[in-house]
Enquirer: 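Sharing a structure below in structure tokens format, with a few things to ask.
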Amino acid sequence: MTDRSGPVLGRRRTGRTVRARRGRRYLLWTLVGALLVAGGLGGVVVWRNTYDLREERVVLRHHGHRLDGVLARPSSGGGPFGLVVFVHGDGPVDATHDTFYRPLWEAFARAGYASLSFSKPGVAGSEGDWLDQSMDDRAEETLAAVAWARGRPGIDGRRIGLWGASQAGWVLPKVAAKDRGIRFVIAVSPAVNWLRQGRYNLLAELRREGAGPQRVEAALRRRETTVRLLRRGATYAEYRAAVGDPDGVTPARWRFISANYASDAVADLRAMKGTPVLLVLAGHDVNVDVKETQAVYREVLPASTLSVEHYPDATHSLVDHATERSSLRLTATAVLAPRKLYAAGFLDRQTRFLRETGARRGDTSASP
């Protein structure tokens with residue numbers, strides 16, 4: 001799954017909304033727990049959430065900060081394995097993304113690839129604060145993770161690629177452009193232009209809520225005010241004075257937006273030409289304008305290196321739309337059948353991409 005913290009320059013979730021959703025999640029997990037005990041399903045849950053992997057806790061030192069992570073390797077064989085380095089979307093994401101990465105790690109292991117993921121700064125055991133990072137900072141952190149991995153025993157440094165979602169759309173091309181040894185990129189629901197994404201997201205959410213013309217006009221006026229403030233480097237106090245209710249934007253979040261609102265992936269995409277890319281898009285994406293993303297990727301990248309996969313019934317998180325709309329169904333699926341959270345074919349297609357990429361480049365070790 002990808003971003004769950006709301007849009008940037010769109011409609012931020014308020015603290016009250018977040019607390020309410022946490023309360024509902026707690027009640028749902030309590031209900032699921034009671035059902036498991038009553039039905040004697042505990043063993044099934046353990047089995048369903050046991051993955052065919054060897055996970056190792058690892059540590060990276062970067063710019064004086066400790067980053068805690070997980071290196072997940074195929075359950076058998078000594079390698080050397082190819083490696084997929086994970087780049088998170090927005091928000092305080094830990095190395096496993098609350099375990100939602102594990103089905104992906106298991107799928108990649110079937111193709112003979114290990115997976116490496118670090119918790120964001122300030123999350124879990126990682127030091128620092130992810131809200132102090134620019135997209136360039138995130139790219140440098142990812143480059144450090146790749147360099148660290150190339151020195152690991154059992155990892156094939158010639159077969160290292162990237163997987164990233166949503167906000168990672170501004171990070172993946174930077175990394176691939178700077179490190180020409182990056183073998184492939186899997187971009188899931190990636191954004192291209194920060195400001196255009198924010199406007200698209202704002203309007204998409206308003207449409208979903210059935211907002212009338214006056215409410216839409218007021219929201220766009222507020223957004224235009226915010227953009228003007230960002231462009232002149234306004235402080236958080238000036239932002240508060242101009243818009244009133246910050247709608248969940250904290251001083252730290254304002255600093256983060258101020259550092260990144262001008263992000264655009266086009267120049268970095270051009271610089272990474274030649275790198276095989278799997279672009280994954282969803283039909284129910286209210287966060288990212290998938291039509292714009294696809295058009296830009298097709299215009300900028302050579303057709304011979306770009307593969308595009310569409311999942312019409314999936315959301316931004318590549319979860320089935322009907323499942324994500326029901327909190328109870330989403331929670332039950334996460335507990336009882338976590339591999340089915342993702343859209344049908346999503347895991348298998350990525351596994352096939354890894355095998356095909358290895359075969360195109362002459363690898364003989366594309367499967368364990």
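Quick note: residue numbers are just sequence positions, from 1. Keep in mind that this is a model prediction, so the values were computed, not measured. The basis for the numbers below is simple: all heavy atoms, side chains too, and nothing from hydrogens, waters or symmetry mates.
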Enquirer: Taking side-chain contact (heavy atoms from CB on, under 4.5 Å) as the definition, give me every residue that meets it alongside Asp52, ordered by chain and number, with sequence neighbours left out.
Expert: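 Counting only residues at least two positions away or on another chain, Asp52 forms a side-chain contact (heavy atoms from CB on, under 4.5 Å) with Ser75, Glu106.
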
Enquirer: Could you tell me which residues satisfy salt bridge (Lys or Arg N to Asp or Glu O under 4.0 Å) with Arg54, sequence neighbours excluded, listed by chain and number?
Expert: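 Partners of Arg54 by the salt bridge (Lys or Arg N to Asp or Glu O under 4.0 Å) criterion come out as none, since no residue qualifies.
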
Enquirer: Sequence neighbours excluded, which residues qualify as side chain to side chain donor-acceptor pair (under 3.5 Å) partners of Arg329?
Expert: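 Checked Arg329 against side chain to side chain donor-acceptor pair (under 3.5 Å); matches are Thr323.
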
Enquirer: Apply ring pair (Phe, Tyr, Trp, His ring centres under 6.0 Å) to His321 and list each qualifying residue two or more places apart in sequence or on a separate chain.
Expert: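 His284.
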
Enquirer: With Asp129, which residues qualify under side-chain contact (heavy atoms from CB on, under 4.5 Å), at least two apart?
Expert: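 Partners of Asp129 under the side-chain contact (heavy atoms from CB on, under 4.5 Å) test: Leu131, Asp132.
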
Enquirer: Of all residues at least two apart in sequence or in a different chain, which pass the side-chain contact (heavy atoms from CB on, under 4.5 Å) check with Val146?
Expert: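 Val146 satisfies side-chain contact (heavy atoms from CB on, under 4.5 Å) with Val85, Arg150, Ile160, Leu162, Asp179, Ile182 only.
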
Enquirer: Report the residues that fulfil salt bridge (Lys or Arg N to Asp or Glu O under 4.0 Å) with Glu217, sequence neighbours left out, ordered by chain and then residue number.
Expert: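 Result, salt bridge (Lys or Arg N to Asp or Glu O under 4.0 Å) vs Glu217: Arg221.
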
Enquirer: Just so I know, are the side chains of Arg231 and Val227 near enough to count as touching, which here means a heavy-atom distance under 4.5 Å?
Expert: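 Contact flag for Arg231/Val227 side chains = yes.
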
Enquirer: Please name the pair of heavy atoms, one in Ala109 and one in Leu53, separated by the smallest distance, quoted to 0.1 Å.
Expert: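 Nearest pair, atom of Ala109 first, then Leu53: CB-CD2, 3.7 Å.
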
Enquirer: Is Glu141 salt-bridged to Arg138, cutoff N-O under 4.0 Å?
Expert: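 Salt bridge: no.
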
Enquirer: Quick one: salt bridge (charged side-chain N to carboxylate O under 4.0 Å, His left out) pairs with a partner in residues 282-298, sequence neighbours left out?
Expert: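 Qualifying pairs, neighbours excluded: Arg196-Glu292.
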
Enquirer: Please enumerate all residues that pass side chain to side chain donor-acceptor pair (under 3.5 Å) together with Glu224, with sequence neighbours excluded.
Expert: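 Result, side chain to side chain donor-acceptor pair (under 3.5 Å) vs Glu224: none returned.
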
Enquirer: Please enumerate all residues that pass salt bridge (Lys or Arg N to Asp or Glu O under 4.0 Å) together with Arg349, with sequence neighbours excluded.
Expert: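 Counting only residues at least two positions away or on another chain, Arg349 forms a salt bridge (Lys or Arg N to Asp or Glu O under 4.0 Å) with Glu309, Glu356.
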
Enquirer: Return the set of residues passing ring pair (Phe, Tyr, Trp, His ring centres under 6.0 Å) with His62 (not counting sequence neighbours), or none when no residue passes.
Expert: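 Residues passing ring pair (Phe, Tyr, Trp, His ring centres under 6.0 Å) with His62: none at all.
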
Enquirer: With salt bridge (Lys or Arg N to Asp or Glu O under 4.0 Å) as the test, would you mind laying out the steps for Asp136 and Lys174 before giving the verdict?
Expert: CA-CA 8 Å; Asp136 286 329; Lys174 290 181 183 294; 3.0 Å; yes

Enquirer: Using salt bridge (Lys or Arg N to Asp or Glu O under 4.0 Å) as the criterion, list what pairs up with Arg180, not counting sequence neighbours.
Expert: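 Partners of Arg180 under the salt bridge (Lys or Arg N to Asp or Glu O under 4.0 Å) test: none.
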
Enquirer: Applying salt bridge (Lys or Arg N to Asp or Glu O under 4.0 Å) to Glu55 and Arg102, what does each step give before you reach the verdict?
Expert: CA-CA 10 Å; Glu55 291 188 22; Arg102 286 193 169 107; 2.7 Å; yes

Enquirer: Nearest 0.5 Å please: distance from the CG atom of Asp156 over to the CG atom of Leu83.
Expert: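 CG of Leu83 is found 10.0 Å from CG of Asp156.
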
Enquirer: In terms of the angle between their ring planes, are His88 and His97 parallel, tilted or perpendicular, with boundaries placed at 30° and 60°?
Expert: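 It falls in the perpendicular class, over 60°.
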
Enquirer: I need the Tyr239 OH to Arg253 CZ distance, nearest 0.5 Å.
Expert: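 Going from the OH atom of Tyr239 to the CZ atom of Arg253 covers 11.0 Å.
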
